[in-house]
Amino acid sequence: MIPDCTNCGFKSFAVNTLDFNQIAFMQDKCTETVLKRGEVVYKEGASFQSIAYIRSGLVKLHKIGFNDREQILKIVKAPNYVGIPIAIGHFIAQYSVTVLEDVTLCFISIDTFKCLLDENKNFAYQIIVDLCKNELDNYKNCLHKVQKHSAGLLADALLNFASSIYNSLEYKLPLSRQELADLIGTSRENVSRMLSDFQRDGILKIENKYINIVDVKRLKLISGLG
DNA sequence: GCATTAACCACAG
DNA sequence: CTGTGGTTAATGC
């Protein structure tokens, strides 16, 4: 399905810099798709043809590590591009992207994207801004994963969902316990135990996947302690 | 030594 | 898929 880029309600900063002709050019080369939870945007190791612009929904970027252990690299909320780093220099997906909450997205072919980068320096600049922000986030994340203990990491993850993704202290976790473990780099048993502890200590109220952060202060304290 | 942290295994729901 | 308990290894005080 061909999208209506001009009247899109989720235009990226980059696309806002395009002129009438450029946006028409892009629109002709775009396909809009709806994907449900569990469906795959990219599969690590498979051939890669298009950048995806996530217009709505939530996805995870993940990669198989040593001993076939799954690592969730990051959770990405719409609106956002995924796959740009692959498009620049690879033909094979370097990581997987899988839907956590139903998504509408637009695929843009690599050639079209590169063409726009070439034609419009403001577009290119906005893309760079985005990539730089991601890079800095990744540095921070990397330090945390290496230096913090798992309780601190779990606290970080829970606080992150509240502040960056759901804007609420109550939310439904988009991840299983195993995925939560894959996100912070620990075992699912450990996640179970820590969640039980948090609940026992009155920091959280938990009902299956529904999380209610009752005592943000304590949770932030745990995050701060590492 | 003793405590803490976390991985791995096993078993139950 | 989840929660819990037991065991073991590594590390810090």
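Computed from a predicted model, the values in this text were never measured in an experiment. Per chain, numbering begins at 1; letters A, B, ... match sequence-line order.
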Under the side-chain hydrogen bond (donor to acceptor under 3.5 Å, both in side chains) test, residues paired with A/Thr98 that sit two or more places apart: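 In terms of side-chain hydrogen bond (donor to acceptor under 3.5 Å, both in side chains), with neighbours along the sequence ignored, A/Thr98 is linked to A/His62.
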Minimum side-chain heavy-atom gap A/Glu101-A/Ser56 below 4.5 Å: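 The answer is no; the side chains never approach within 4.5 Å.
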Closest-nucleotide 5' rank along DNA chain B - winner of A/Gly185 and A/Arg188: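 The answer here is A/Gly185.
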Integer-rounded Å distance: B/dG13 P and A/Asn208 CG: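 Going from CG in A/Asn208 over to P in B/dG13 covers 18 Å.
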Euclidean distance, atom CG of residue A/Leu153 to atom P of B/dT5 [Å, nearest integer]: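 Spelled out: CG on A/Leu153 to P on B/dT5 is 13 Å.
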Span of DNA chain C, from the first to the last nucleotide whose atoms fall under 4.0 Å of chain A heavy atoms: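 So the contact region on DNA chain C extends C/dT2 to C/dG6.
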Touch class at under 4.0 angstrom, heavy-atom based, for A/Ser192 against every strand present: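 Touches a base.
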With sequence neighbours excluded, residues passing ring pair (Phe, Tyr, Trp, His ring centres under 6.0 Å) with A/Phe107: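 Ring pair (Phe, Tyr, Trp, His ring centres under 6.0 Å) list for A/Phe107, sorted by chain: empty.
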N/O (side chain, A/Asn190) to phosphate O (OP1/OP2, B/dT5) under 4.0 Å: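 No, no such contact exists.
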A/Asn208 atom CG: more than 12 heavy-atom contacts under 6.0 Å: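 Not more than 12 within 6.0 Å, no.
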Neighbour count >12 (heavy atoms, 6.0 Å) for atom NZ, A/Lys205: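 No, not enclosed.
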N/O donor-acceptor pair, side chain A/Glu189 with base B/dC8, under 3.5 angstrom: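 Donor-acceptor pair under 3.5 Å: no.
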Ring centres under 6.0 angstrom apart (A/Phe48, A/Phe91):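 Not close enough - the centres of the two rings lie 6.0 Å or further apart.
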